[in-house]
Structure formats: C-alpha cells, structure tokens
**Student:** 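Have a look at this one.
All values derive from a computational prediction rather than experimental measurement. Convention: sequence-line order gives letters A, B, ...; per-chain numbering from 1.
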Amino acid sequence: MITNKEIARIFDEIADILEVKDEGGFKVRAYKRAARTIEGLTESLSNFSSVKELKNLPSIGDALAKKIYEITTTGKLNYYEDLKASVPEGILELLYVPGVGPKTVAKLYSERGIADIESLEMAAKNHEIQELSGMGKKSEEKILKGISQYRKHKERVPLGEAYFKAQEIVKSLKNLKAVEEIQFAGSIRRMKETIGDIDILCASKQPSEVMSAFKALDGISEMIASGDTKTSLIIDNMQVDLRVVEPDSFGSALQYFTGSQFHNIKLRDLALKKGLKLNEYGVFEGDRTIAGKREKDVYSSLGLSFIPPELREDQGEIEAATEDALPDLIEIQDIKGDLHIHSTWSDGRNSIEEMVDKARLMGYEYIAICDHSPAIGITRGVDEEKLLCEMSEIKQINDNLDDFRVLSASRLI
DNA sequence: GCCGTTTTCGGCCCGACTGTTTTCAGTCG
Ligand SMILES: Nc1nc2c(ncn2[C@H]2C[C@H](O)[C@@H](COP(=O)(O)OP(=O)(O)OP(=O)(O)O)O2)c(=O)[nH]1
Ligand SMILES: [Mg+2]
Ligand SMILES: [Mg+2]
C-alpha cells in the first residue's frame with residue numbers, strides 16, 4: 001500500500017518538474033503546500049474512502065483530491081507519469097545541489113544538454129559553465145562546491161540529535177557580551193520529528209560581534225553565505241543558520257524564523273488582509289510599528305490567540321486561533337503518573353520512598369512499582385514471598401500519604 | 001491549484017545574500 005510519504009514525494013516532484021519547465025506559477029506552491037500537509041497527517045490517505053473526504057483536508061482541493069484518489073486506488077498517477085516522461089531522467093537531482101535552482105537547471109539543459117550531476121561536474125571542471133550568460137568563474141566554483149556538499153549531504157536527523165546540538169551552539173554563544181537574547185527556532189522549536197538544519201536567532205545591538213564569534217566556532221567545514229544579519233555554516237556535516245536582529249525585533253524575528261514556511265505565508269497574508277504588514281522586523285500599520293519585541297504581540301496584533309510552535313504548520317491553526325479555538329496541548333505538567341517504576345527491591349537504584357519523593361516533586365499523583373519477578377531468570381527478582389513484603393512496605397507508604405498513591409505490581413516478562 | 005469578513009475569479013509573503021550585472025535575477029531562509 002502506498003504511504004503518505006510516497007504521495008507527498010510525488011507532489012514535490014510534480015512541483016519540481018513544473019518549476020524547471022517554467023510552467024508552474026502558483027501551482028508549484030500549491031503542490032508543495034499539499035505535500036507538506038500530507039507529510040503532517042497522522043492517518044493514511046489510503047484510509048480515505050472518497051474524493052469528497054479528501055477535499056476536506058487543508059490545501060487539498062478538487063484537483064488534488066482526485067489525484068490522491070487515483071494514486072490510492074490505482075497505485076499510480078497518469079498526470080505524474082506523463083510529466084516525468086517529459087523531462088530527462090535524473091535532471092531533478094540537479095535541484096538538490098545547493099545553489100542550483102530551477103532556472104539554472106533549465107539553462108544547463110537547454111544550452112548544454114546537462115541533465116545529471118556527473119555531466120554538470122564535468123562541464124564545471126572544463127570551464128564550460130562560465131560561457132553561459134549570467135554565469136561566471138564564481139558560479140562555476142560554487143557549483144563544484146555545491147556538488148561536493150550534496151555528495152556529503154546528510155539525511156534529515158532525528159529531533160533528539162539536532163536538539164542537543166542546537167543547545168550546545170546556543171550555549172557557546174550565550175555568554176558573549178554582544179548577545180542580549182539567543183534561542184533556537186525553525187523545525188527544532190516546532191519539535192518536528194526530523195530536522196533539516198539548525199536555525200538560531202539572536203538579538204543584539206552589535207551583530208557583527210556575534211557573527212564573528214559564530215564564524216569562529218569549532219567544527220566548521222564550510223561557509224555557505226555570510227552577511228550582516230545572516231550566516232549559514234556547515235558544522236559537523238549539518239547546516240547551521242544564524243540570524244541576528246535588533247532586540248526590538250526579536251519577537252517578530254522569532255515568529256519568522258520558527259515558521260513553518262507555509263504558516264508564515266498564511267500569517268503574512270492575513271496581515272495584508274487586515275491592512276497590516278508582517279515581516280521579521282515587526283507588524284506595521286503604515287509607518288507605525290505595532291508589534292515586534294515580543295512574539296505573543298505579533299499574534300495578538302493580528303487578532304489571534306498565541307499559537308504554540310508545535311502547531312505552526314498551516315494545518316488550520318491560524319483559522320482556529322482567529323476564534324480562540326486552538327486545542328490545549330499536552331504539557332509536561334499534564335503527566336500525572338508513571339506506571340512502570342523499579343526500585344532497589346529488584347534492579348532499581350533508588351528505594352520506593354526515594355522514587356515517591358521524586359515523583360511528588362515532579363507533580364505526579366501516582367506511580368506503580370513494577371519490580372522484576374524471577375519469572376524470566378532475573379536473579380534479583382522479587383519472588384512471591386518478597387512480593388508480599390514489598391506490598392506491605394507500599395501499604396505503609398500509602399498510609400502516610402493522602403495526596404499520592406503507590407500501586408503494587410510485579411513485572412513478569 | 002487553492003480559496004473566500006473585499007472575492008466563486010483573481011489574487012497568491014517578504015527579505016537576505018550572491019554573482020553578474022550597470023540595475024537585477026536567482027536562490028534560499
Ligand atoms: N516568510 C517566509 N519564511 C520562510 C520561508 N522559508 C523559510 N522561512 C522561515 C520559516 C522556517 O521555519 C525558517 C527556517 O527555514 P528552514 O528552511 O530551516 O525550515 P525549517 O526549519 O522549518 O525546516 P527544516 O527542518 O530545516 O527543513 O525560516 C519563506 O519562503 N517565507
Ligand atoms: Mg531549519
Ligand atoms: Mg534554516
């Protein structure tokens with residue numbers, strides 16, 4: 001059965017082909033937006049039983065609903081097959097070379113017949129690229145650099161990995177005098193399962209100081225771009241983007257840099273419809289700044305309740321925020337108990353009482369003590385006799401507590 | 001191709017950085 005990921009990929013490819021053929025316009029964005037929606041779904045598109053049902057999804061209209069239905073029922077999409085056949089195999093791979101976009105790909109193919117990475121590399125090495133209009137020596141070098149980076153290119157990394165790397169970088173810049181505020185943004189702040197790069201935002205009145213420190217970090221293998229307010233580096237094979245703004249714009253810049261891309265587009269469009277302008281520097285009514293320092297003011301100035309980063313995917317959250325109808329997200333403090341705890345009765349490091357103390361400190365209301373039984377050959381397992389003793393200890397603990405409950409259990413497997 | 005507190009047709013986010021260019025196009029965030 002075809003997965004959502006595969007369908008999203010088909011839509012992404014359609015968008016790429018249309019863009020290279022310059023036939024896209026806003027259709028390209030529509031396909032990409034739909035691809036992001038599909039990636040974010042928790043239910044398989046194969047479970048949707050009608051075009052009508054599919055059309056209820058945000059960014060999926062009549063045309064795309066029919067295409068999805070064709071894919072899930074027949075296993076393929078004729079429009080996509082035809083489109084794919086209309087361009088040379090492998091040409092889309094060129095788009096994955098950083099710095100090479102649809103216009104360049106079209107030019108390379110129409111003027112040099114280049115349709116794969118190897119030919120592109122050859123042409124660049126033979127200095128054939130600089131002969132093309134609008135291309136020079138540096139474009140050639142940039143392409144070669146891009147190809148080598150593409151070949152090293154890492155897949156998206158799990159959140160857990162990127163999160164700690166981002167924290168490390170934030171920590172190493174935080175103590176600079178020039179840094180007023182610094183925090184990670186992008187997909188890490190939105191807590192996506194996988195992360196493409198590390199995005200870090202900084203507020204400073206001396207941006208060049210921050211940039212210099214950033215560019216002097218350990219482990220940098222490449223500098224992709226570097227200007228007054230934005231620098232992109234490769235650190236440990238991962239791209240790290242640093243954006244620096246004035247403290248007065250920190251909130252709006254955080255909103256911008258947190259994304260997602262389509263959340264930003266919809267938010268900026270909403271601002272326009274309200275006669276305002278939104279960018280990373282603030283919310284503006286004519287020449288007047290009406291928000292910027294604090295992120296929450298960006299949302300409130302647009303008549304929206306605050307949208308938690310985890311929801312900023314253009315999946316209907318902006319519409320919900322208009323009516324103050326956002327869902328309550330589960331927070332750490334909503335976790336009220338833990339139903340699998342070991343203690344020193346078997347292989348745990350802490351006594352039951354110690355575990356209770358810590359659990360209460362964490363705001364829990366109950367825990368279950370599930371020490372091993374000897375059933376699967378655990379040598380320090382709690383057998384029937386010991387279990388009775390353990391249970392009486394637990395009963396005693398419970399007798400002394402009125403706002404907390406310890407449950408007795410035995411782990412058999 | 002999507003979508004509607006201006007609209008069912010006509011709009012569709014906005015700015016930084018680079019390279020090649022005498023004023024801007026392309027790519028990316
Ligand atoms: N307004 C606007 N903001 C954008 C656009 N593209 C990216 N951004 C903002 C929102 C993104 O979350 C943020 C960082 O861009 P990234 O390319 O790193 O994307 P993101 O971190 O969301 O996902 P990733 O895991 O890195 O692929 O920049 C855009 O086209 N328009
Ligand atoms: Mg990112
Ligand atoms: Mg980024």
**Student:** Would you classify A:Glu141 as touching base, sugar-phosphate or nothing, given that sugar-phosphate means primed atoms plus P, OP1 and OP2, and contacts are heavy atoms under 4.0 Å?
**Tutor:**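 No contact.
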
**Student:** What residues, two or more places apart in sequence or in another chain, satisfy side-chain hydrogen bond (donor to acceptor under 3.5 Å, both in side chains) together with A:Glu111?
**Tutor:**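 Listed in chain order: nothing, the list is empty.
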
**Student:** So A:Leu64, base contact, sugar-phosphate only, or nothing? Heavy-atom distance under 4.0 Å.
**Tutor:**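 Sugar-phosphate, no base atom in range.
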
**Student:** Please list, chain by chain and in numerical order, all residues satisfying side-chain hydrogen bond (donor to acceptor under 3.5 Å, both in side chains) with A:Ser373, sequence neighbours excluded.
**Tutor:**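 Partners of A:Ser373 under the side-chain hydrogen bond (donor to acceptor under 3.5 Å, both in side chains) test: none.
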
**Student:** Indicate, with a heavy-atom threshold strictly under 4.0 Å, whether A:Ser232 touches base, sugar-phosphate, or nothing.
**Tutor:**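 The answer is nothing, as A:Ser232 stays clear of every strand by at least 4.0 Å.
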
**Student:** What is the first contacted nucleotide of DNA chain B and what is the last, in 5' to 3' order, if contact means an atom lying under 4.0 angstrom from a heavy atom of chain A?
**Tutor:**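 Nucleotide range with atoms under 4.0 Å of chain A: B:dG1 to B:dG29.
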
**Student:** Mind checking if A:Leu267 touches a base, just sugar-phosphate, or nothing, with heavy atoms under 4.0 Å?
**Tutor:**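 Counting heavy atoms under 4.0 Å across all strands, no contact is made by A:Leu267.
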
**Student:** When the P atoms of B:dC2 and B:dC13 are compared, how many Å lie between them, rounded to an integer?
**Tutor:**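 Going atom to atom, P in each nucleotide, I get 16 Å.
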
**Student:** Quick one: label A:Lys32 by what it contacts on the DNA or RNA (base, sugar-phosphate, nothing), any heavy atom closer than 4.0 Å.
**Tutor:**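 Answer is nothing: A:Lys32 stays at 4.0 Å or more from every strand.
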
**Student:** Look up atom CD in A:Glu323 and atom CG in A:Leu304, then write down how far apart they are to the nearest 0.5 Å.
**Tutor:**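 Going from the CD atom of A:Glu323 to the CG atom of A:Leu304 covers 10.5 Å.
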
**Student:** How far, in whole Å, is B:dA25 from B:dT20 if one measures between their P atoms?
**Tutor:**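 Per the computed distance, 16 Å lies between those P atoms.
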
**Student:** Taking atom C1' in both B:dC12 and B:dT6, what distance in whole Å separates the two?
**Tutor:**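 Their C1' atoms lie roughly 15 Å apart.
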
**Student:** Taking B:dG10 as the reference, what is the distance to B:dT18 when you measure between their P atoms (whole Å, please)?
**Tutor:**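 Taking atom P in both B:dT18 and B:dG10, they lie 41 Å apart.
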
**Student:** Please classify the nucleic acid contact of A:Arg29 as base, sugar-phosphate, or nothing, using heavy-atom distances under 4.0 Å.
**Tutor:**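 Here A:Arg29 touches the bases of the nucleic acid.
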
**Student:** Just to be sure I understand the rule, does A:Lys266 reach a base, reach only the sugar-phosphate, or reach nothing, if contact means heavy atoms closer than 4.0 Å?
**Tutor:**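 The answer is nothing, as A:Lys266 stays clear of every strand by at least 4.0 Å.
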
**Student:** What does A:Lys137 touch in the nucleic acid at a heavy-atom separation under 4.0 angstrom: a base, only the sugar-phosphate, or nothing?
**Tutor:**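 Contact class for A:Lys137: sugar-phosphate only.
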
**Student:** Would you say the side chain of A:Ser139 lies within less than 4.5 Å of the side chain of A:Gln130, judging by non-hydrogen atoms?
**Tutor:**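 No, too far: nothing below the 4.5 Å cut-off.
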
**Student:** If we take the P atom in both B:dG26 and B:dT22, what is their distance in whole Å?
**Tutor:**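 B:dG26 and B:dT22 have their P atoms separated by 14 Å.
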
**Student:** In terms of the nearest nucleotide of DNA chain B, which residue is placed more toward the 5' end: A:Gln239 or A:Lys142?
**Tutor:**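 Upstream on the strand: A:Lys142.
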
**Student:** Quick check: do A:Ile68 and A:Phe11 have side-chain heavy atoms less than 4.5 Å from each other?
**Tutor:**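 Counting from C-beta outward, A:Ile68 and A:Phe11 do come under 4.5 Å.
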
**Student:** Using purine N1 to pyrimidine N3 plus N6-O4 or O6-N4 for Watson-Crick, or N1-O2 and O6-N3 for G-U wobble, each under 3.5 Å, what pairs with B:dT8?
**Tutor:**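 Paired with no nucleotide.
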
**Student:** Answer with yes or no after comparing the ring centroid distance for A:Phe184 and A:Tyr163 against a 6.0 Å cut-off, counting only values under it.
**Tutor:**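 Distance test on ring centres: under 6.0 Å, yes.
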
**Student:** Starting from the 5' end of DNA chain B, give me the residue, A:Ala63 or A:Gly134, whose nearest nucleotide shows up first.
**Tutor:**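 Of the two residues, A:Ala63 wins.
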
**Student:** So what does A:Tyr256 touch, heavy atoms closer than 4.0 Å: a base, only the sugar-phosphate, or nothing?
**Tutor:**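 A:Tyr256: base contact, heavy atoms under 4.0 Å.
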
**Student:** Would you call A:Tyr109 and A:Val87 a side-chain contact if the rule is heavy atoms closer than 4.5 Å?
**Tutor:**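 No, side chains not in contact.
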
**Student:** At 4.0 Å (heavy atoms only), tell me whether A:Lys27 reaches a base, stays on the sugar-phosphate, or touches nothing.
**Tutor:**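 Result for A:Lys27 = base.
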
**Student:** Once you apply a heavy-atom cut-off of 4.0 Å, does A:Ile224 come out as touching a base, just sugar-phosphate, or nothing?
**Tutor:**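 Touches nothing.
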
**Student:** Evaluate the ring planes of A:Tyr299 and A:His263, with Trp represented by its six-membered ring, and classify them as parallel (under 30°), tilted (30 to 60°) or perpendicular (over 60°).
**Tutor:**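 Geometry flag for A:His263 against A:Tyr299: tilted rings.
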
**Student:** Report which part of the nucleic acid A:Ser133 touches: base, sugar-phosphate, or nothing (heavy-atom distance under 4.0 Å, all strands).
**Tutor:**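 Counting heavy atoms under 4.0 Å across all strands, no contact is made by A:Ser133.
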
**Student:** Could you work out the separation of B:dT27 and B:dT21 based on their P atoms and round it to a whole Å?
**Tutor:**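 Taking atom P in both B:dT27 and B:dT21, they lie 16 Å apart.
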
**Student:** Please work out if A:Asn264 contacts a base, only the sugar-phosphate, or nothing of the nucleic acid, heavy-atom cut-off 4.0 Å.
**Tutor:**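 If one applies the 4.0 Å heavy-atom cut-off, A:Asn264 turns out to touch nothing in the nucleic acid.
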
**Student:** Rounded to whole angstrom, note down the C1' distance from B:dT8 over to B:dC3.
**Tutor:**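 Per the computed distance, 9 Å lies between those C1' atoms.
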
